[in-house]
Trainee: 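This is the structure I have questions about; it appears just below.
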Amino acid sequence: MLTLALEFSCPTLQHPDPDRHVWDFWYYFEPETGIFHLFYLNAERILVAEDKHHFSSQVGYATTKDFLTIDWISDRVLGADPCGWDDTSIWSGDIVKIQGGFLMFYTSRNQATDDGMTQNVGVAFTHHIQSFDRWFRIPNIRIQPQAPYETRHVPDDMTIPAWRDPFLFRHQKQIYLLLSAKDPQQPVGKKGAVALLKAKNNSFEQWEYLPSIYQPGFYAEMEVPQLYRSGIDEYALVYSSWAKYDFAPSTQKSGGLQGITSSSLFDFPTESPKVFLPETAQLYACRVIPELGGEIVGFDITTGGIRRSGVKTGLRHVDRDFSSYSIDI
């Protein structure tokens with residue numbers, strides 16, 4: 001049974017350069033040192049007023065031990081490749097440790113594809129996570145939207161296409177990938193879904209497109225999906241939605257970090273998603289941090305920057321151990 005505990009409130013951690021705006025982040029926790037290696041989206045703050053920062057975002061690198069202080073190391077470890085398919089800004093991703101290094105799954109777009117808003121997922125590699133200037137793209141991996149998911153913009157939809165925010169996990173020795181997606185079977189304006197892909201031959205190069213893990217018909221979009229354990233035999237699927245895109249009967253247009261629990265990993269009930277942290281908490285694109293008792297951490301909607309919420313969920317990691325896997329570079 002999931003319970004929430006509010007412990008304390010924390011200040012928002014801002015980038016030391018007042019001209020840099022920081023929002024979505026993801027991380028790798030290093031148990032030997034107790035260090036969280038953070039990767040975060042950032043852009044010039046002047047672009048925020050006109051909501052243009054999303055189209056200039058790049059990935060920065062930082063470290064922390066507690067999300068109470070952050071060592072901001074580099075603004076740019078991965079940016080748009082003007083000669084590649086990912087020639088626009090970089091959007092949210094995930095990072096896992098494999099043999100000989102680390103893989104970063106990230107979201108980007110191609111200016112010449114459809115209307116320039118169709119997202120794909122790419123992969124970059126580094127041998128050493130702290131070698132922040134040595135990430136190399138893997139050119140043969142480009143995960144594009146395919147059936148049974150929407151593949152491009154739908155006229156009159158409330159939001160842009162969705163094929164972003166990758167999250168990897170393992171189950172029964174198989175590799176799976178979650179993505180923010182759209183379900184073509186749901187009505188316009190309520191197409192938000194969480195896509196489920198399975199790695200073919202248990203490698204990262206090719207993927208089988210499975211039916212969505214959750215497609216309730218309640219949201220215009222469901223962003224930054226993540227999977228956790230909420231009990232011995234229970235899973236929690238969490239995601240973010242803005243209040244204006246939240247039409248779930250049980251949430252009363254709260255938006256924010258929401259989720260659903262189930263004893264079956266691939267059978268989440270459609271009805272009655274829960275609100276873990278409403279949008280009124282002024283945090284978005286939140287991550288659950290199991291190393292901090294499942295505390296919810298997100299970016300500050302008002303000012304940018306990263307902030308602990310003080311809300312502990314008790315959620316724990318699913319299997320994200322990829323250390324036995326390798327990839328041809």
Side-chain angles (χ1 to χ4, degrees), residues 2 5 7-8 10 13 24-40 59-74 77-78 92-106 123-135 165-178 199 202 204 224-238 257 265 285-299 306-327:
L2 182 66
E7 293 207 343
F8 56 88
C10 297
L13 303 176
D24 295 24
F25 76 93
W26 53 101
Y27 75 92
Y28 172 76
F29 178 71
E30 190 172 57
E32 301 84 358
T33 62
I35 291 175
F36 295 90
H37 297 267
L38 306 183
F39 296 87
Y40 60 91
V59 179
Y61 169 66
T63 61
T64 182
K65 284 198 169 187
D66 52 15
F67 288 88
L68 296 175
T69 61
I70 291 179
D71 184 9
W72 305 91
I73 296 172
S74 174
V77 298
L78 193 71
S92 288
D94 194 12
I95 181 167
V96 295
K97 184 178 183 179
I98 64 169
Q99 284 187 15
F102 297 83
L103 292 181
M104 184 190 299
F105 284 65
Y106 64 92
V123 181
F125 173 83
T126 188
H127 288 288
H128 304 287
I129 197 168
Q130 291 179 311
S131 298
F132 51 85
D133 58 346
R134 294 183 180 272
W135 284 94
D165 308 341
F167 180 88
L168 291 103
F169 68 96
R170 295 175 69 233
H171 179 66
Q172 297 181 346
K173 300 182 180 180
Q174 292 286 330
I175 300 173
Y176 291 91
L177 175 66
L178 300 181
N202 234 12
F204 299 101
V224 198
Q226 301 146 68
L227 185 70
Y228 298 95
R229 283 193 175 275
S230 59
I232 296 175
D233 295 312
E234 188 176 60
Y235 296 91
L237 176 70
V238 304
L257 184 71
L265 176 55
C286 293
R287 300 277 173 178
V288 173
I289 313 295
E291 295 84 2
L292 298 177
E295 186 166 345
I296 298 171
V297 180
F299 83 84
I306 297 172
R307 174 161 57 88
R308 290 177 62 164
S309 69
V311 175
K312 292 194 174 184
T313 65
L315 294 178
R316 306 188 307 275
H317 283 299
V318 291
D319 185 355
R320 282 176 45 92
D321 182 3
F322 296 91
S323 58
S324 64
Y325 295 85
S326 62
I327 196 166

Trainee: Looking at every heavy atom in both Y106 and V123, which two are closest together, and how far apart are they?
Mentor: CE2-N, 3.4 Å
Trainee: Strictly distance-based, threshold 3.5 Å: is any side-chain N or O of Q99 a donor or acceptor partner for the main-chain N or O of S324?
Mentor: yes
Trainee: Should the pair Y325 and F322 be assigned to parallel (<30°), tilted (30 to 60°) or perpendicular (>60°) ring geometry?
Mentor: tilted
Trainee: Hey, mind stepping through L13 and T69 against side-chain contact (heavy atoms from CB on, under 4.5 Å) and telling me if it holds?
Mentor: CA-CA 7 Å; L13 303 176; T69 61; 5.7 Å; no
Trainee: Just by modelled atom types, is the F299 backbone N or O under 3.5 Å from a matching donor or acceptor in the D24 side chain?
Mentor: no
Trainee: With rounding to the nearest 0.5 angstrom, report the CG to CG distance, L237 to L227.
Mentor: 6.0 Å
Trainee: Keeping E295 on the side-chain end and G310 on the backbone end, is there a donor-acceptor pair under 3.5 Å?
Mentor: yes
Trainee: Please check if the side chain of R229 supplies one atom and the backbone of E234 the other of a donor-acceptor pair under 3.5 Å.
Mentor: no
Trainee: Donor-acceptor pair, distance only, cut-off 3.5 Å: does the side chain of Q130 make one with the backbone of H128?
Mentor: no
Trainee: Would you call the rings of H171 and Y235 parallel, tilted or perpendicular, taking 30° and 60° as the class edges?
Mentor: perpendicular
Trainee: Could you tell me if the ring centre of F67 sits under 6.0 Å from that of F36?
Mentor: yes
Trainee: Are any of the side-chain heavy atoms of Y228 and T313 separated by less than 4.5 Å?
Mentor: no
Trainee: Could you tell me which non-hydrogen atom of F125 sits nearest to which non-hydrogen atom of G100, and how far apart they are?
Mentor: CZ-O, 3.4 Å
Trainee: Less than 6.0 angstrom from the centroid, inside 45 degrees of the normal: does R320 satisfy that with respect to the ring of F167?
Mentor: yes
Trainee: Any side-chain heavy atom of T64 within less than 4.5 Å of one from L38?
Mentor: yes
Trainee: Distance from L178 atom CG to L168 atom CG, nearest 0.5 Å?
Mentor: 8.5 Å
Trainee: With a 3.5 Å distance limit and no angle check, can you tell me whether S309 reaches the backbone of I296 through a side-chain donor-acceptor pair?
Mentor: yes
Trainee: Where does the angle between the aromatic ring planes of W135 and F39 fall among parallel (under 30°), tilted (30 to 60°) and perpendicular (over 60°)?
Mentor: perpendicular
Trainee: Do the side chain of R316 and the main chain of G293 share a donor and acceptor less than 3.5 angstrom apart?
Mentor: no
Trainee: Side chains of I70 and I306: closer than 4.5 Å at any heavy-atom pair?
Mentor: yes
Trainee: So, taking the atom named CG in D321 and the one named CZ in F169, what distance separates them when rounded to the nearest 0.5 Å?
Mentor: 15.0 Å
Trainee: So Y28 and F102, ring-ring contact (aromatic ring centres under 6.0 Å, His included) or not? Walk me through it.
Mentor: CA-CA 9 Å; Y28 172 76; F102 297 83; 5.2 Å; yes
Trainee: Can you find a side-chain donor-acceptor pair between E291 and Y27 that sits under 3.5 Å?
Mentor: yes
Trainee: Quick check: do L257 and V224 have side-chain heavy atoms less than 4.5 Å from each other?
Mentor: no
Trainee: Any chance you could lay out the side-chain contact (heavy atoms from CB on, under 4.5 Å) test for I95 and I129, step after step, and finish with the verdict?
Mentor: CA-CA 10 Å; I95 181 167; I129 197 168; 3.8 Å; yes
Trainee: Evaluate the side-chain proximity of L68 to C10: yes if any heavy-atom separation is below 4.5 Å, no if none is.
Mentor: yes
Trainee: Measuring from Q226:CD to W26:CH2, what's the distance to the nearest 0.5 Å?
Mentor: 12.5 Å
Trainee: About how many Å separate OG of S230 and CG of L315, when rounded to the nearest 0.5 Å?
Mentor: 6.0 Å
Trainee: With sequence neighbours excluded, give me every side chain to side chain donor-acceptor pair (under 3.5 Å) pair touching residues 29-38.
Mentor: E30-T33, E30-H37, H37-Y61
Trainee: What do the steps show when you test M104 against D94 for side-chain contact (heavy atoms from CB on, under 4.5 Å), and what is the final call?
Mentor: CA-CA 6 Å; M104 184 190 299; D94 194 12; over 6 Å; no
Trainee: Say you draw a straight line from CG of D66 to CD1 of I35; how long is it, rounded to the nearest 0.5 Å?
Mentor: 11.5 Å
